[in-house]
Amino acid sequence: MVKIKTDDQVELMRKSALLVSKTLTEIAGILKPGVATLRLDEIIGAFIRDHNAVPSFLNYNGYPFNSCISVNDVVVHGFPNESELKDGDIVSIDVGVILDKWHGDHAYTFAIGEPAPEVQQLVAVTKESLYKGIEKATTGHRIGDIGFAIQDYTEKAHGYGVVRELVGHGLGQKMHEDPQVPNYGKRGTGMKLQNGMVLAIEPMINLGKKEVFTESDGWTVRTKDGKPSVHFEHDVCIRQGKADVLSNYAAIEEAEQKNPELFVCTLKA
Ligand code: MF3
Ligand code: CO
């Protein structure tokens, strides 16, 4: 069942989404080679609690950390650990909060040092694909239009692998609400989008093949071919004509540009 949010509820959700954006901005400022991802997770947990919120991933179906930190061939749900980021890595940081009963859940992939050009392009194309999906997140379109737009741009135009096993989702007082939001699909199919629906749209795109597997820890999802994977996620409210993006990359991107240890990946022709 899909829960339509009132305007007041959407404003509360914007606060939750923006707290995630703020947390990711903090992390963007301190990312560098040599930092252990578990340190980042500790900072994420403390920052969220300092802002009167709760890290929603912690204990979700037994998930044991504040955040998911997914390096290189880890697609999503990577465990923060003592291994250190190094020059050329890409790292998806996925953060969720509950603030005043409402969930925010979004993610950004950063490039450490200077990744290979093909990896830079994967990062840029995946981010762009999120916006291709968001363009379709308007009243009257269907769920399949979002997935089609993402798949068409990443798989058809760039030859990347679109992960099938994991999808975006509705968001509200629960982290995962209906509907599911696949990053693949057929135009004009699936549930009709309505004003006030809030969706987490989250392309997970592989440089190589689409196939993934889950490690024996029960969480860590990796590409089968060992090639890198990129993940971006925004929280979006369906509106007539133009989606209202509740999360915000502007401050994250500013911090990314200011941090000399990070590479800003831009689209190459
Ligand atoms: N952003 C992810 C999701 O939407 C992360 C949640 S996994 C968790 O599904 F277990 F860590 F919470
Ligand atoms: Co999500």
Side-chain angles (χ1 to χ4, degrees), residues 2-3 5 13-14 16-21 23-24 27 37-38 40-42 44-45 47-49 53-71 74-81 91-99 102-110 126-127 129-130 133-134 137 143 146-147 150 162-184 197-205 212-222 229-238 243 245-249 252:
V2 172
K3 289 199 162 76
K5 277 78 184 181
M13 290 196 71
R14 191 188 314 279
S16 304
L18 290 177
L19 177 55
V20 176
S21 308
T23 308
L24 292 172
I27 295 304
T37 56
L38 190 59
L40 302 175
D41 184 74
E42 290 162 0
I44 288 166
F47 188 86
I48 292 169
R49 292 180 195 283
V54 173
S56 58
F57 294 180
L58 186 64
N59 300 322
Y60 179 84
N61 291 339
Y63 186 78
F65 296 97
N66 300 306
S67 62
C68 299
I69 303 189
S70 305
V71 180
V74 178
V75 179
V76 285
H77 303 167
F79 283 0
N81 59 34
V91 56
S92 146
I93 316 255
D94 191 352
V95 170
V97 304
I98 306 168
L99 175 64
W102 294 92
H103 282 260
D105 166 25
H106 88 111
Y108 195 93
T109 295
F110 298 95
T126 303
K127 191 203 267 189
S129 80
L130 172 54
I134 290 171
I143 285 289
I146 296 174
I150 293 169
V162 176
V163 175
R164 302 299 202 270
E165 289 85 346
L166 297 135
V167 296
H169 49 93
L171 187 73
Q173 290 201 332
K174 293 206 171 105
M175 179 161 56
H176 294 133
E177 296 185 353
D178 287 339
Q180 295 200 82
V181 186
N183 298 303
Y184 52 91
M197 281 173 60
V198 177
L199 306 178
I201 304 178
E202 49 180 320
M204 289 155 263
I205 308 297
V212 300
F213 69 99
T214 304
E215 271 187 33
S216 56
D217 62 19
W219 284 99
T220 310
V221 179
R222 284 185 194 269
S229 182
V230 172
H231 175 222
F232 282 92
E233 181 175 16
H234 261 317
D235 301 335
V236 170
C237 180
I238 305 296
V245 184
L246 305 180
S247 43
N248 193 331
Y249 281 164
I252 301 169

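Start at 1 and go down the list; that is how both ligands and their atoms are numbered. Bear in mind that the values here come from a model prediction, so they are computed numbers and not experimental data.
- Residue Asp94: no N/O/S atom is found under 2.8 Å from the Co ion (ligand 2).
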Checklist entry - Passes side-chain contact (heavy atoms from CB on, under 4.5 Å), Val95 versus Phe47? Steps please. => result CA-CA 11 Å; Val95 170; Phe47 188 86; over 6 Å; no

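- Summarising the geometry of Gly104 relative to Ser16, their closest heavy-atom pair is N-CB, 3.6 Å, with the distance given to 0.1 Å.
- Annotation for Lys5 and Leu171: closest pair NZ-O, 2.8 Å, computed over non-hydrogen atoms.
- What sits closest to atom 7 (S) of ligand 1 on the protein, heavy atoms only, is His77 NE2, 3.5 Å.
- In terms of N/O distances under 3.5 Å, ligand 1 is approached by Glu202.
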Checklist entry - What do the steps show when you test His77 against Tyr63 for ring pair (Phe, Tyr, Trp, His ring centres under 6.0 Å), and what is the final call? => result CA-CA 9 Å; His77 303 167; Tyr63 186 78; 7.1 Å; no

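- Closest non-hydrogen pair, Ile27 versus Ile93, comes out as CG2-CD1, 3.9 Å.
- Residue-to-ligand polar distances keep Tyr60 apart from ligand 1: every N/O pair is separated by 3.5 Å or more.
- The protein heavy-atom contact nearest to atom 9 (O) of ligand 1 is His176 NE2, 2.6 Å.
- Scanning the protein heavy atoms around atom 4 (O) of ligand 1, the nearest turns out to be His169 NE2, 2.7 Å.
- For Ala200, no heavy-atom contact with ligand 1 is shorter than 4.0 Å.
- Ala200 approaches Asp235 most closely through the heavy-atom pair CB-OD1, 3.8 Å.
- Scanning all protein heavy atoms for the shortest distance to atom 2 (C) of ligand 1 gives Asp94 OD2, 3.2 Å.
- Put simply, His169 gets within reach of the Co ion (ligand 2), with an N, O or S atom under 2.8 Å from it.
- Residue Glu233 approaches ligand 1 through these ligand atoms, each under 4.0 Å from one of its heavy atoms: 1 (N), 4 (O).
- When all heavy atoms are compared, the tightest approach of Ser247 to His234 is OG-ND1, 2.7 Å.
- Contact annotation: for Tyr63 versus ligand 1, heavy atoms closer than 4.0 Å belong to the side chain alone.
- By the 30° and 60° cut-offs, the orientation of the rings of Phe65 relative to Phe79 is tilted.
- Note on ring orientation: taking the six-membered ring where Trp is involved, the planes of Phe110 and Tyr108 are tilted (angle from 30° to 60°).
- Annotation: angle subtended at the Co ion (ligand 2) by Glu202 OE2 and Asp105 OD2 is 170°, to 10°.
- At a 4.0 Å cut-off, at least one heavy atom of Asp105 sits close enough to ligand 1 to count as contact.
- When you scan the N, O or S atoms of Glu233 for the one nearest the Co ion (ligand 2), you land on OE2.
- Within a 6.0 Å sphere centred on CD of Glu42, other residues, nucleotides and ligands contribute more than 12 heavy atoms.
- Near Cys68, with a cut-off below 4.0 Å to any heavy atom, the atoms of ligand 1 are 11 (F).
- Closest non-hydrogen pair, Ser56 versus Val97, comes out as OG-N, 3.3 Å.
- Remark: distances from the non-hydrogen atoms of Trp219 to ligand 1 include one below 4.0 Å.
- Heavy-atom separations between His106 and ligand 1 are all 4.0 Å or longer.
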